[in-house]
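Written out below as structure tokens is the structure these notes cover.
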Amino acid sequence: MSNGAKALIKTLTNAGVDTCFTNPGTSEMHFVAALDSSDMRAVLCLFEGVATGAADGYARIANKPAATLLHLGCGLGNGLANLHNARKARVPMVNIIGDHAIYHKQYDAPLESDIVTVARNVSSWIRTSSKTEQVGADAAEAIEVAQKAPQQISTLILPADVSWGDGGAVVEADLTPVIETAAENVVSQLADILLTRGKKTAILLGRRVLLEEGLIAASKIAEKTGAKLFTEVFPTRLERGAGLPSVERIAYLSEMASVQLSGYENLIIIDSAEPVSFFAYPGKQSYLVPKKCTVHHLVNPDQDAVGSIQALVEAVAATDVEPKLQQAGRPKLPSGKLNASKVCEAVGALMPENAIISDEAQTSGLKLPICTAGAPRHDVLTLTGGAIGQGLPVAIGAAIAGKDRPVITLVGDGSAMYTIQSLWTMMNENLDVTVIVLNNRSYAILNIELERVGAEGAGPKAKSQLDLSKTEIDFVAMAKGMGMPAEKATTAEEFNVALKRAISEPGPHLIDAIVPSEYEGLKLKVLPHLLNVMGKIPSPVAKAIKRKIAP
Ligand SMILES: Cc1ncc(C[n+]2csc(CCOP(=O)(O)OP(=O)(O)O)c2C)c(N)n1
Ligand SMILES: [Mg+2]
């Protein structure tokens, strides 16, 4: 006879959900106790946003869900921003949310709250297990829903008495994959478009076709038909580097994105959302597909994206076409006073084989793609939902799922402070993560946004809301306070040495890279004007400017 918690954990581990990112409380104590008699790896996180971001990073690399264990509505609420990023990333995840015993809920005890309302924002499958006998079956369904296409976050609410009660039964989840590919007529219609001479066609790749198989297929199609390849702005996981097709990413700045997309008459989208601007700006477009361009989708999220793109390769007779692969090549090691571009150059120069990059460098990471394009093959994980505080937690999950793969995470100083507790878990689990904080003592991007939105009357009070320089943040002291080796770099030489050390020694390291903001003074003043004219100048000139600003 098993209690509910044991049946739940066994159901999870039997289905391969063998890693749980936790921040428990009293209502989860039976789950915690049951860990000892299980094969579940439990990873303590000191803030729920770390747990949920880590589960996201884990799923991106492992391509299977991790579980989270969170404490009632408040714990779930603390984890919401990174659950939002995970939802936009379309990764699988199983949240276990402990709740009060069913008979206790009527008293409105201090931690009583509406868990379902919190969960609904990020999770379309939500269930409260109301009987111990049912927990196993509920958990199996939660795993199936999370794992099968379209992958998503499922949320299982576990009342304490259901967890401690006897009569739990282990249930085997059915993980038989769904393998339906795009309908034949869709594939042949898109093949016709691609093969029509004289029409300018672009293909926007997203989510599941950004790994080797999908990229090779896309490159064959492009080589055969002349179509231009793009990837979405913030990919869940992009494989790149020497020996893989190199694909241009759509820019974050919508004015730049419009320039990239201008002139195309057909846009074939494969497993991505249609390109829209992150925010509305007065007088600017929100929907970024050019007016005369027709949008076509190859697959919907519950179809097999890789199988469908391969069908498209056949339909355009490109099976034997050679894909265009990126040559190996790295930037030189930088020297002199440190800035963000030099950090990117050093990363490109020194990145080890098979690395995973978690990129939340914000404005300081503009040159990262170009500096790492010819580096050894690697994965890039990005800020899919725009809710910052994601880079460090995602690095935790990626390091655990990647087993021996080295992880490098580049984070803005502002972003790092949302989930700085991540450093503790990196140490506690001895993860091979190199944390690079791009410390420009600013919410620099918001200075750009302030200019872009045309807000008037912004004076010192307004600017102080975007400024982190008055009270300087010492990331070295914070890392050391959690036992992590850390050093500060103000010159490129210091940075190169620190990065070499961090990469060569196992375990976590932090480098506090002191850099100026990429856009300040005159450059900051000029940028909005430049962006305003981008749509009005000849396309080749605009494209050249785009390459210079956001290569
Ligand atoms: C959860 C959440 N809160 C606030 C924001 C708004 N926001 C976007 S970027 C940013 C500051 C980023 O600062 P930093 O990481 O230092 O990067 P920098 O802009 O300096 O390059 C803020 C506060 C957000 N996107 N998500
Ligand atoms: Mg900053």
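FYI, the numbering just counts along the sequence from 1.
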**Asked** Just by modelled atom types, is the Asp302 backbone N or O under 3.5 Å from a matching donor or acceptor in the Asn300 side chain?
**Response** yes
**Prompt:** Side chains of Ser129 and Asp138: donor-acceptor distance under 3.5 Å anywhere?
**Reply:** yes
**Prompt:** Could you walk me through whether Phe230 and Ile203 pass the side chain to side chain contact (heavy atoms under 4.5 Å, CB included) check?
**Reply:** CA-CA 6 Å; Phe230 291 111; Ile203 304 176; over 6 Å; no
**Asked** Nearest 0.5 Å, what's the CD1-OG distance between Ile143 and Ser154?
**Response** 8.0 Å
**Prompt:** Among side-chain atoms of Glu360 and Gln390, is any donor-acceptor pair under 3.5 angstrom?
**Reply:** no
**Asked** Which one of Leu70, Ile97, Leu72, Leu80 satisfies the side chain to side chain contact (heavy atoms under 4.5 Å, CB included) criterion with Val118?
**Response** Leu80
**Item:** Heavy-atom donor-acceptor pair, Ser37 side chain to Ala34 backbone, under 3.5 Å
**Value:** yes
**Close side-chain approach of Met93 to Phe21, heavy-atom, < 4.5 Å** = no
**Request:** Determine whether more than 12 heavy atoms belonging to other residues, nucleotides or ligands lie under 6.0 Å from atom CD of Glu213.
**Result:** no
**Item:** side-chain hydrogen bond (donor to acceptor under 3.5 Å, both in side chains) contacts touching residues 113-125 (sequence neighbours left out)
**Value:** Asp114-Thr117, Ser123-Thr155, Ser124-Gln152, Trp125-Glu141
**Asked** Is there a side-chain contact between Arg90 and Asp271, using heavy atoms and a 4.5 Å cut-off?
**Response** yes
**Asked** If you measure from CD1 on Ile436 to CD1 on Ile511, what distance do you get to the nearest 0.5 Å?
**Response** 5.0 Å
**Asked** For Ala140, does its backbone N or O pair with a side-chain atom of Thr11 as donor and acceptor, under 3.5 Å?
**Response** no
**Asked** Does any N or O in the side chain of Arg249 come within less than 3.5 Å of the main-chain N or O of Pro235, such that one atom is a donor and the other an acceptor?
**Response** no
**Message:** Between Thr384 and Lys88 (side chain of the first, backbone of the second, donor and acceptor by atom type, cut-off under 3.5 Å), is there such a pair?
**Reply:** no
**Fill in**
So the ring pair (Phe, Tyr, Trp, His ring centres under 6.0 Å) pairs with at least one residue in residues 63-83 (sequence neighbours excluded) are none
**Message:** Are more than 12 heavy atoms, taken from residues, nucleotides or ligands other than Glu353, located less than 6.0 Å from that residue's CD atom?
**Reply:** no
**Asked** Between CG of Asn23 and SG of Cys45, what distance do you get to the nearest 0.5 Å?
**Response** 7.5 Å
**Request:** Would you check if there is a donor-acceptor pair between the side chains of Thr181 and Asp304 at a distance under 3.5 Å?
**Result:** no
**Request:** Write down the atom of Gly168, the atom of Thr132, and the distance for their closest heavy-atom approach.
**Result:** N-CG2, 3.5 Å
**Asked** Roughly how far apart are Met427 CE and Met482 CE, rounded to 0.5 Å?
**Response** 10.5 Å
**Request:** Please report the C-alpha distance between Leu156 and Leu8 in whole Å, then the side-chain angles of each, then the deciding distance to 0.1 Å, and finally whether the side chain to side chain contact (heavy atoms under 4.5 Å, CB included) criterion is met.
**Result:** CA-CA 10 Å; Leu156 183 65; Leu8 167 56; 3.9 Å; yes
**Request:** Please round to the nearest 0.5 Å and tell me the distance separating atom CG of Asp512 and atom CG of Leu510.
**Result:** 6.5 Å
**Asn3 and Asp166: side chain donor to acceptor below 3.5 Å** = no
**Asked** Just by modelled atom types, is the Thr409 backbone N or O under 3.5 Å from a matching donor or acceptor in the Ser358 side chain?
**Response** no
**Item:** Ser219 side-chain N/O to Ile216 backbone N/O, donor-acceptor pair under 3.5 Å
**Value:** no
**Message:** Restricting to ring pair (Phe, Tyr, Trp, His ring centres under 6.0 Å), what partner residues turn up for Trp164, sequence neighbours left out?
**Reply:** His30
**Message:** Please enumerate all residues that pass side-chain contact (heavy atoms from CB on, under 4.5 Å) together with Glu429, with sequence neighbours excluded.
**Reply:** Arg41, Val43, Thr425, Leu431
**Intermediate values then yes/no, salt bridge (charged side-chain N to carboxylate O under 4.0 Å, His left out), Glu239 and Arg377** = CA-CA 7 Å; Glu239 261 189 322; Arg377 197 182 160 124; 3.5 Å; yes
**Asked** Salt bridge between Glu487 and Arg501, side-chain N to carboxylate O under 4.0 Å?
**Response** yes
**Prompt:** Within a strict 4.5 Å, meaning less than it, do heavy atoms of the Cys74 and Leu111 side chains meet?
**Reply:** yes
**Message:** Under 4.0 Å between a side-chain nitrogen and a carboxylate oxygen: does that hold for Arg405 and Asp379?
**Reply:** yes
**Request:** Measure the CG-CD1 distance between Leu69 and Ile9 for me, rounded to the nearest 0.5 Å.
**Result:** 8.0 Å
**Asked** Looking at Ile445, Thr363, Leu383, which one forms a side chain to side chain contact (heavy atoms under 4.5 Å, CB included) with Tyr252?
**Response** Ile445
**Prompt:** Any donor-acceptor pair under 3.5 Å linking the side chain of Lys480 with the backbone of Pro485?
**Reply:** no
**Request:** Please check if the side chain of Asn82 supplies one atom and the backbone of Gly49 the other of a donor-acceptor pair under 3.5 Å.
**Result:** yes
**Complete:** Contacts satisfying salt bridge (Lys or Arg N to Asp or Glu O under 4.0 Å) that involve residues 47-62 (not counting sequence neighbours) are Asp56-Arg60
**Asked** Are the side chains of Pro159 and Thr128 in touch, meaning some heavy atoms are under 4.5 Å apart?
**Response** yes
**Message:** Does atom CD (Gln106) have a neighbourhood of more than 12 heavy atoms from anything else shown, all under 6.0 Å?
**Reply:** yes
**Message:** Assess, by modelled atom type and distance only, whether the side chains of Glu274 and His297 contain a donor and an acceptor separated by less than 3.5 Å.
**Reply:** yes
**Crowding at NZ, Lys131 (>12 non-hydrogen neighbours, <6.0 Å)** = no
**Prompt:** Heavy atoms, side chains only, cut-off 4.5 Å: are Ile408 and Ile356 in contact?
**Reply:** no
**Message:** We want to know whether Arg207 and Gln151 form a side-chain donor-acceptor pair, criterion being a heavy-atom distance below 3.5 angstrom.
**Reply:** yes
**Request:** Given side chain to side chain contact (heavy atoms under 4.5 Å, CB included), test Leu381 with Asp359 step by step and report yes or no.
**Result:** CA-CA 6 Å; Leu381 316 178; Asp359 176 13; over 6 Å; no
**Prompt:** Can you tell which of Leu83, Thr68, Val116, Thr52 makes a side chain to side chain contact (heavy atoms under 4.5 Å, CB included) with Leu76?
**Reply:** Leu83
**Request:** Give a yes or no on whether a salt bridge exists between Lys105 and Asp99, defined as a side-chain N under 4.0 angstrom from a carboxylate O.
**Result:** yes
**Prompt:** Sub-3.5 Å donor-acceptor pair from the side chain of Thr434 to the main-chain atoms of His509, do we have one?
**Reply:** no
**Request:** May I ask you to check whether Asn440 and Ser442 show a side-chain donor-acceptor distance below 3.5 Å?
**Result:** no
**Request:** Flag the pair His104 / Glu112 as yes when at least one side-chain heavy-atom distance between them is below 4.5 Å, and no otherwise.
**Result:** no
**Request:** Walk me through it: do Val247 and Leu215 pass the test side chain to side chain contact (heavy atoms under 4.5 Å, CB included)?
**Result:** CA-CA 8 Å; Val247 182; Leu215 292 170; 3.9 Å; yes
**Prompt:** Hey, does Thr372 have a side-chain heavy atom less than 4.5 Å from the side chain of Val380?
**Reply:** no
**Message:** Considering only residues two or more places apart or on different chains, which pairs with a residue in residues 377-434 satisfy ring pair (Phe, Tyr, Trp, His ring centres under 6.0 Å)?
**Reply:** none
**Message:** Contact between Leu312 and Ile221 at the side-chain level, heavy atoms closer than 4.5 Å - yes or no?
**Reply:** yes
